[in-house]
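Report on one structure; see the data block that follows.
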Amino acid sequence: MSAKSRNKGASGERELIKAIYDLTGIELTRNFSQASAGGHDLIGLDDWAIECKRYAMADQSAKKMWWRQAVAQARRVDKKPVVCYRADRQPWRCIVPYPEHATLFDWEDFRCAADIDLELFCGTIREEIENY
């Protein structure tokens, strides 16, 4: 991975952390051990394993690949997968399992994933916290 790609990814993670904080008041941190130990990108939510992607474009093929990666990483830590991504000059979007407890398809199957905006995902987080 080039230094430019690493910088864009790190910048995207910081940008997403701020956006989630602005919408929820929850402080997340970057997972600095992800490169050596594997794992999801952002930590701080008990139930979610957040994978952050920042690319020029986000086509369906890339989203499917990101989703499989997020599901595998979330299973390792017994959390729900979410891919937060942003294409250039576009708002943040999130790919989440839907329905949350799918029985028709396995989570790896992209047909059980919903592509929602960041504000809706953050609303889901706030609702989960309120229901604890």
Side-chain angles (χ1 to χ4, degrees):
M1 177 185 293
S2 72
K4 185 177 179 180
S5 293
R6 265 192 311 279
N7 290 340
K8 187 172 187 175
S11 175
E13 289 173 0
R14 289 189 295 271
E15 180 185 328
L16 180 59
I17 287 169
K18 182 182 180 330
I20 290 174
Y21 179 79
D22 290 347
L23 291 166
T24 65
I26 297 170
E27 291 188 38
L28 302 178
T29 58
R30 295 176 59 214
N31 183 0
F32 291 106
S33 65
Q34 66 181 316
S36 60
H40 51 285
D41 294 330
L42 303 182
I43 52 179
L45 285 177
D46 292 338
D47 295 335
W48 294 92
I50 301 174
E51 186 66 25
C52 178
K53 301 294 183 185
R54 183 64 186 83
Y55 282 82
M57 295 184 344
D59 62 18
Q60 201 70 356
S61 175
K63 290 183 212 179
K64 286 179 181 180
M65 182 179 60
W66 299 339
W67 181 246
R68 284 190 301 272
Q69 176 189 8
V71 168
Q73 291 172 347
R75 283 205 166 127
R76 280 188 224 126
V77 292
D78 197 28
K79 295 186 179 200
K80 295 179 281 191
V82 58
V83 176
C84 297
Y85 70 93
R86 189 170 81 76
D88 288 352
R89 294 175 291 288
Q90 298 296 317
W92 283 99
R93 303 283 304 166
C94 302
I95 304 170
V96 297
Y98 182 83
E100 187 174 324
H101 301 290
T103 56
L104 185 57
F105 302 109
D106 191 49
W107 273 0
E108 283 97 356
D109 192 322
F110 196 65
R111 291 176 291 179
C112 81
D115 193 327
I116 63 175
D117 69 19
L118 181 63
E119 192 169 350
L120 180 57
F121 174 64
C122 288
T124 301
I125 293 169
R126 286 191 309 269
E127 190 174 284
E128 285 179 355
I129 291 170
E130 290 172 8
N131 290 331
Y132 274 137

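All residue numbers in this chain count up from 1 along the given sequence.
Within the model, atoms CG of L118 and CG of D22 stand 10.0 Å from one another, a figure rounded to the nearest 0.5 Å. Between the CZ atom in R75 and the CD atom in Q73 there is a gap of 12.5 Å [rounded to 0.5 Å]. For the atom pair CD1 (I129) and CD (E127), the distance works out to 11.0 Å, reported to the nearest 0.5 Å. To the nearest 0.5 Å, atom CD of residue E128 and atom OG1 of residue T24 are 12.0 Å apart. Taking SG of C94 as the reference point, atom CG of L16 lies at 7.0 Å (rounded to 0.5 Å).
Considering only residues two or more places apart in sequence or on other chains, Y21 meets the ring pair (Phe, Tyr, Trp, His ring centres under 6.0 Å) condition with none of them. Qualifying ring pair (Phe, Tyr, Trp, His ring centres under 6.0 Å) partners for W92, counting only residues two or more places apart in sequence or in other chains: none.
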Applying side chain to side chain contact (heavy atoms under 4.5 Å, CB included) to Q60 and M65, what does each step give before you reach the verdict?
CA-CA 9 Å; Q60 201 70 356; M65 182 179 60; over 6 Å; no
Does the pair I116 and V96 meet the rule for a side chain to side chain contact (heavy atoms under 4.5 Å, CB included), with working shown?
CA-CA 8 Å; I116 63 175; V96 297; 4.0 Å; yes
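Looking only at side-chain heavy atoms (C-beta outward), D88 and M57 stay at 4.5 Å or farther from each other. Inter-residue side-chain proximity for I50 and V82 is flagged as met; some heavy-atom pair is nearer than 4.5 Å. Two residues are said to be in side-chain contact when any heavy atoms from C-beta on lie closer than 4.5 Å; Y85 and K63 meet this criterion. Side-chain contact between F110 and I95: present, with at least one pair of heavy atoms (C-beta onward) separated by less than 4.5 Å. At least one side-chain heavy atom of W67 sits under 4.5 Å from a side-chain heavy atom of P97. For the pair D47 and I125, the minimum side-chain heavy-atom distance is 4.5 Å or more. Residues R14 and S11 are in side-chain contact: their nearest non-hydrogen atoms beyond the backbone lie under 4.5 Å apart. P91 has its side chain out of reach of D117: every pair of non-hydrogen atoms, C-beta onward, lies at least 4.5 Å apart.
Within a 6.0 Å radius of CG in D78, no more than 12 heavy atoms belonging to other residues, nucleotides or ligands are found. Heavy-atom neighbours of E15 CD from other residues, nucleotides or ligands within 6.0 Å: above the threshold of 12.
With respect to the salt-bridge test (charged N to carboxylate O, under 4.0 angstrom), the residues R93 and D115 qualify. In summary, E13 and K18 do not engage in a salt bridge, as defined by a charged side-chain N under 4.0 Å from a carboxylate O. Between D41 and K53 there is no salt bridge, since no side-chain N of the basic residue sits under 4.0 Å from a carboxylate O of the acidic one.
For the pair A87 and A56, the tightest heavy-atom approach, listed with the atom from each and the gap, is CB-O, 3.6 Å. Of all heavy-atom pairs spanning L45 and K79, the tightest one is O-NZ, 3.0 Å.
Put simply, I43 and V83 are part of two different groups of oily side chains (I, L, V, M, F, W, Y) that touch within less than 4.5 Å, one to the next. Under the 4.5 Å side-chain contact rule for hydrophobic residues, V77 and I26 do not share a cluster.
Side-chain atoms of R126 come within 3.5 Å of backbone N or O of L23 as a donor-acceptor pair. N31 places a side-chain N or O within donor-acceptor distance of the main-chain N or O of H40, the cut-off being under 3.5 Å.
Checked against a 6.0 Å centroid threshold, the rings of W66 and Y55 count as neighbours.
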